[in-house]
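Order of the sequence lines fixes the chain letters, A, B, ..., with proteins taken first and strands second; residue numbering starts at 1 for each chain.
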Amino acid sequence: MSQATSQILPDADETAAGAGGPVIEVSHLNTHYGDRHVLKDLNLGIQPGEIMVIMGGSGSGKSTLLNHLLGLLHPTSGTVRILGRDISKLSQVELTKLRCKMGVAFQGGALFSSMTVGENIMLPLREHTKLDEQTMRIMARMKMEVVNLAGFEDLMPAELSGGMVKRAAFARAIIMDPKILFCDEPSAGLDPVVASAIDQLILNLRDAFGMTIVVVTHELESAFTIADRICVLDQGEIRIVGTPEEVRASEDARVQDLLNRRPEGQEQDPDAYLQRLTGGIH
Amino acid sequence: MAISRDGGVTGLLDRIGRAAVTGIGEVGYAATLLGEGVMWLVVGHARRQPVRIHQVFQQAMEIGVLAVPIVTVLAMTIGVMLAIQGIHTLRTFGAESRVTLGIALSVTREFAPLITGILVAGRSGSALAARIGTMRITQEIDALRVIGIAPVRFLVTPALLAMLVMVPVLTFWADCVALLGGGLFVSIDLGMSLGAYFDQVLDAIALDDVLHGLGKSAIFAVLIALIGVVNGASVTGGAEGVGRATTRAVVQAISAIVITDMIFVFLLTR
């Protein structure tokens with residue numbers, strides 16, 4: 001197969017993944033930070049074209065799981081398959097090729113502060129394609145239209161509001177027309193109106209481009225608005241994976257605590273409590 | 001961990017041991033960065049991740065061209081200072097006219113590379129550490145990775161290359177300016193013409209002396225870049241962490257420059 005053809009045709013594994021199999025498949029994923037067992041035997045499949053919301057409280061392991069899906073962390077054991085490829089076994093070149101099919105909108109936007117918004121959005125095109133400057137500018141403007149940010153390409157990221165930064169991050173994430181879009185806390189820190197606009201944007205992206213979208217969030221309203229399915233993580237374990245209705249109807253106490261914003265009840269051992277306070281001096 | 005937190009000898013040894021392990025780890029990391037940086041320079045095109053020449057120029061502007069005014073001022077001052085001190089010392093022996101030899105050799109072999117290295121460490125080494133540290137805490141480094149851009153190729157190699165070119169260039173400029181500064185004072189104080197002064201300077205120094213200084217400055221350039229990147233990459237804890245890393249990068253780079261200079265002088269004067 002010529003080099004040009006091999007770039008156009010999908011990989012054999014990828015074809016298999018596209019033929020009804022999950023786009024993302026997490027199997028028996030375990031991760032440790034030192035002695036701490038952060039993710040405990042996770043199993044999760046995400047289907048093409050679905051919006052999967054990964055929910056959980058602080059420290060539940062959702063950001064760690066996202067980092068695994070992005071190939072930024074290596075698991076202690078288990079596998080993460082993206083488009084049929086085991087992400088931890090890919091060479092740097094293969095990983096780069098795979099990442100061209102993934103877009104990521106980071107929590108804080110992660111726009112490069114030394115570049116204008118337009119340059120930020122064009123960066124993946126500049127690095128991975130041989131398009132001329134004019135075509136790249138047109139494509140960047142098209143994506144900026146999609147995220148309702150047209151006309152702001154010459155501003156620096158520091159000149160944008162929080163909602164605009166998120167939208168610019170979305171524009172950069174979708175500039176390569178990825179098959180999978182990852183969003184880390186897309187509506188965190190935004191006012192309700194802007195947060196709702198971001199939710200609508202995610203739904204539009206799925207409908208317009210047929211992307212598979214993975215959203216990590218702890219915003220309940222947003223999660224139930226956009227999710228096809230929700231995965232609830234708690235202390236590194238998956239408590240439930242299901243439709244919003246199934247999650248609402250769950251009888252799992254931890255899931256209900258999360259949905260009803262109840263803090264985790266902790267049985268206090270008085271001696272242990274005193275020991276912790278005094279550092280063992282008494 | 002209770003042992004490590006006591007104030008006794010064990011605690012001290014524990015802290016020294018930990019610092020040593022961290023230091024060795026950082027040296028190893030710097031060596032890896034250097035290797036990876038050079039690798040991207042060589043195989044970047046083949047892997048479709050070339051080092052962008054405009055980024056190298058951008059860095060060269062910041063590290064080199066924008067530093068010319070301050071290098072000029074400091075080099076001129078050093079040249080004048082050496083002339084004042086040299087004439088004052090040699091006057092005791094009635095040998096003031098030999099001051100040109102001292103100025104020529106000390107500027108080209110020692111003062112120009114040292115003052116340029118220290119200046120670039122304070123100016124550009126700290127900026128590199130702050131930039132990478134800030135990019136780390138704002139997830140920009142992660143963003144590069146997920147876009148499919150190797151951070152070392154995108155951030156480190158251009159800075160390393162620009163540093164490697166611009167620090168010797170600045171050093172050569174500092175050579176010229178410091179010699180001119182010394183010459184101006186000598187011509188005023190001793191009544192020697194600038195032409196005669198530069199004739200004596202050119203007689204006193206060989207090409208080897210200039211190359212000695214430029215060679216050292218190239219090593220300083222690598223040290224400044226790597227120390228800046230290692231400290232930037234180790235940032236934790238937000239803005240305060242960036243500040244700490246920046247300070248640490250400057251202190252470490254200046255220390256490394258002075259120590260390397262001493263080793264250089266020792267080895268080349270045996």
Check your understanding: Are A:E50 and A:R206 close enough for a salt bridge, meaning some N to O gap below 4.0 Å?
Key -> no

Point to revise | Side chain / backbone / both / neither for A:I175 at chain B, heavy atoms under 4.5 Å | key: neither

Practice item. Inspect the contact between B:E140 and B:R145 and indicate whether a charged nitrogen and a carboxylate oxygen are less than 4.0 angstrom apart. Key: no

Point to revise | Greatest number of heavy atom pairs closer than 4.5 Å to chain B - which of A:V93, A:T96, A:L95 | key: A:T96

Point to revise | Cation-pi, A:F106 ring and A:R172 (6.0 angstrom, 45 degrees) | key: no

**Study point:** Test: A:D132 and A:R137 ion pair at under 4.0 Å
**Key:** no

Review point. Any idea which of A:N67, A:L72, A:V104, A:L70 has the most non-hydrogen atom pairs under 4.5 angstrom with chain B?
Key: A:L72

Exercise for review: Show the numbers, then the answer: is there a side-chain contact (heavy atoms from CB on, under 4.5 Å) between A:L42 and A:L39?
Suggested key: CA-CA 7 Å; A:L42 300 194; A:L39 296 181; 3.8 Å; yes

Review point. At a heavy-atom separation under 4.5 Å, does B:I141 approach chain A through its side chain, its backbone, both, or neither?
Key: neither

Revision key, fill the gap. Max heavy-atom pairs within cutoff under 4.5 Å with chain B, candidates A:G103, A:S113, A:A173, goes to A:S113

